[in-house]
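Note sheet for the following structure.
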Number of protein chains: 2
Amino acid sequence: MPLSKTHSKNGRTNKGRESRIQREKRELILGAALEVFAAHGFRGSTIDQIADAAGMSKPNLLYYFARKEDIHQSLIERLMDTWLDPLKAIDANGDPMAEICAYIKRKLEISRDFPKESRLFANEILQGAPRIISMIEGELKTLVDEKANVIQGWMDAGKLNPCDPHHLLFSIWATTQHYADFDVQVRAVLARDAQGDTHFEGAATFLENLFCKGLAPRN
Amino acid sequence: MPLSKTHSKNGRTNKGRESRIQREKRELILGAALEVFAAHGFRGSTIDQIADAAGMSKPNLLYYFARKEDIHQSLIERLMDTWLDPLKAIDANGDPMAEICAYIKRKLEISRDFPKESRLFANEILQGAPRIISMIEGELKTLVDEKANVIQGWMDAGKLNPCDPHHLLFSIWATTQHYADFDVQVRAVLARDAQGDTHFEGAATFLENLFCKGLAPRN
DNA sequence: ATAATATTTTATCAATTGGTCAAATTTTTG
DNA sequence: CAAAAATTTGACCAATTGATAAAATATTAT
């Protein structure tokens, strides 16, 4: 008996549990979909491509995710934690300079370790964020405003060179995510002989230098 | 007699000239295509969408550009000048700090005045730059290496805080283009009442501050 | 004006796309 | 082992997509 309807609609088996196969195959599909969506955006990606990349037939894939949209949604959801965690981790009680440097470092590590996730996010934003705009306007904005206040407090206390905290966060996002999103260009321009992820070290050094000098309070 | 073959293959009319109608319609199409490609990437955009946006029928559009690829190619080509000019304008004989500040300002103005072009470029890079990788590895890399040398010279002369010039350029590209490419997110996060392009002023102030302090030589 | 040329429309195509269905197969459970 | 449930497959479908052909219309040159 095909259970795809029951299964697909609530994402559960009859007994209310996910089988081992389901867990594994869903994971397989999400991995393949991440690759494809990151490279072509939502509209530019096809279910066939994802099924191919996952090594399964299209109807089989659709047994696990009833619609293309659902796969994308799943990816975005699990991406969000990865995306917001580093910002959440900024500690209002820590040393201002150290906190911001640590944040930059963490964001850069995410670009290095999860470049496809970064490109998935970038694609979504570039295309007008149709599927995550509410999260951006809600959860993200709230969190950003909160941390911007923390940073503003540090500046008011003379512990950081005063500047707009929102733009500071933008510039940290931009510079760090650039290494994942514009990876092709970065590699082409640097084009050293052996180029694994070596440029990430150079980037870390450069960014620490830039932001440390740029944010150090005037004495 | 339908001249689409002759016309489409070499982009010229029989008499070797472009008619007024051809000039105007091509322009109309490119404008519409820029909008669509910037929003959905190459694969995510359809000829129908572009034709709709240009207010003409699909076959009529295909009379001016025989293939979807050709429209995209045309856009990319005319984009390249806009993209490389500001970098070319960096003057080795100018004042280092002033030159870099001016470069940042110009790049930010381009994000403000040509956001769709920026997103078109970002989409192309994100998707692996399949259609412009040779330009990146060739013309762009050559130019970047040349200007990186100029900047290195300034650092060696003690006129700039020493750091990797390539990463410096990356960080300028990233921070300025961010305001075009991630526009939706920027607006959502800032979300002030009246928000035309006001945030570009804030961005200019912030970036000048950041890079000026970050690059000023230690005395 | 009229012939030549350029532009636009209508109709159409084959391929691709997101998605469905029922049958076949495999896995799990009793 | 057998029955039940879960998974996989192959055959389809309607809509969309990139593109073409030919007829109809408009423009330009003589």
Side-chain angles (χ1 to χ4, degrees), chain A residues 1-29 32-33 36-37 39-74 131, chain B residues 1-29 32-33 36-37 39-74 131:
Chain A
M1 188 208 288
L3 295 185
S4 59
K5 271 175 195 166
T6 316
H7 168 66
S8 302
K9 289 218 170 134
N10 58 19
R12 280 186 229 143
T13 71
N14 287 343
K15 302 214 172 150
R17 271 227 219 125
E18 219 180 26
S19 74
R20 177 185 52 89
I21 291 183
Q22 270 181 41
R23 234 180 305 119
E24 287 175 4
K25 294 274 159 131
R26 278 172 180 271
E27 209 51 46
L28 184 69
I29 292 167
V36 176
F37 281 136
H40 302 112
F42 182 75
R43 297 202 38 186
S45 303
T46 72
I47 300 181
D48 290 275
Q49 280 179 297
I50 299 170
D52 273 359
M56 64 174 69
S57 69
K58 181 164 59 171
N60 195 10
L61 181 150
L62 286 165
Y63 172 73
Y64 292 101
F65 292 90
R67 298 178 314 158
K68 182 183 169 184
E69 178 96 29
D70 295 344
I71 311 175
H72 195 264
Q73 187 65 31
S74 275
R131 284 163 287 270
Chain B
M1 186 208 288
L3 296 184
S4 59
K5 272 177 195 166
T6 314
H7 169 66
S8 304
K9 288 219 171 133
N10 58 20
R12 281 185 229 142
T13 72
N14 286 344
K15 304 213 171 156
R17 272 224 219 126
E18 220 180 25
S19 75
R20 178 187 50 88
I21 291 183
Q22 270 180 42
R23 234 180 306 118
E24 287 174 4
K25 294 272 161 133
R26 277 170 181 273
E27 210 51 48
L28 184 69
I29 291 167
V36 176
F37 282 135
H40 303 291
F42 182 76
R43 297 205 38 188
S45 303
T46 73
I47 301 182
D48 290 274
Q49 279 180 295
I50 299 170
D52 273 359
M56 64 176 67
S57 69
K58 180 163 59 171
N60 195 9
L61 181 149
L62 286 166
Y63 173 74
Y64 293 101
F65 292 90
R67 298 178 312 158
K68 181 184 169 184
E69 177 95 29
D70 295 345
I71 311 174
H72 195 264
Q73 187 64 32
S74 276
R131 284 163 288 269

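Letters A, B, ... mirror the listed sequences (proteins, then strands); counts begin at 1. Heavy-atom basis, side chains included; hydrogens, waters and symmetry copies ignored.
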For the side chain of A:Pro59, starting at C-beta, report the closest nucleotide among D:dT17, D:dT9, D:dT7. D:dT9
If you check the A:Asp48 side chain, which of D:dA19, D:dT17, C:dG18 turns out closest? C:dG18
Output for pair (B:Ile29 CD1, B:Arg26 CZ), nearest 0.5 Å, gives 7.5 Å
Option passing side-chain contact (heavy atoms from CB on, under 4.5 Å) with B:Phe65 (candidates B:Ile47, B:Ile50, B:Asp70): B:Asp70
Please give, in whole Å, the distance from C:dT12 P to B:Ile47 CD1? 20 Å
Let me know the distance between NZ of B:Lys25 and C1' of D:dA26, rounded to the nearest Å. 11 Å
Phosphate OP1/OP2 of C:dT8 contacted by B:Tyr64 side-chain N/O (<4.0 Å): yes
Side-chain N or O of B:Ser57 versus OP1/OP2 of C:dT9: is the shortest distance under 4.0 Å? yes
To the nearest angstrom, how far is A:Phe65 atom CZ from D:dT7 atom C1'? 15 Å
Quick one: are A:Phe37 and A:Ile71 in side-chain contact, heavy atoms under 4.5 Å? yes
Please state whether the phosphate of D:dT9, meaning OP1 or OP2, lies under 4.0 angstrom from any side-chain nitrogen or oxygen of A:Asn60. yes
Could you state the CZ-P distance from A:Arg43 to D:dA15, rounded to the nearest angstrom? 18 Å
May I ask you to decide if B:Asn60's main-chain N or O and B:Lys25's side chain share a donor-acceptor pair within less than 3.5 Å? no
What's the separation between atom NE2 in A:His40 and atom OG1 in A:Thr46, rounded to the nearest 0.5 Å? 9.0 Å
Could you give the CG-to-P distance, from A:Leu61 to D:dG10, as a whole number of Å? 15 Å
Could you state the atom-to-atom distance from CG of A:Leu62 to C1' of D:dA11 in whole Å? 15 Å
Please report the distance, rounded to the nearest Å, between CD1 in B:Ile71 and P in D:dA19. 9 Å
Look at the side-chain N and O atoms of A:Tyr63 and state whether any lies under 4.0 Å from the OP1 or OP2 oxygen of D:dT8. no
Measure from CD on A:Gln22 to P on C:dT26 and round the result to the nearest Å. 19 Å
Check every strand shown and say whether A:Lys58 touches a base, only sugar-phosphate, or nothing at a heavy-atom separation below 4.0 Å. base
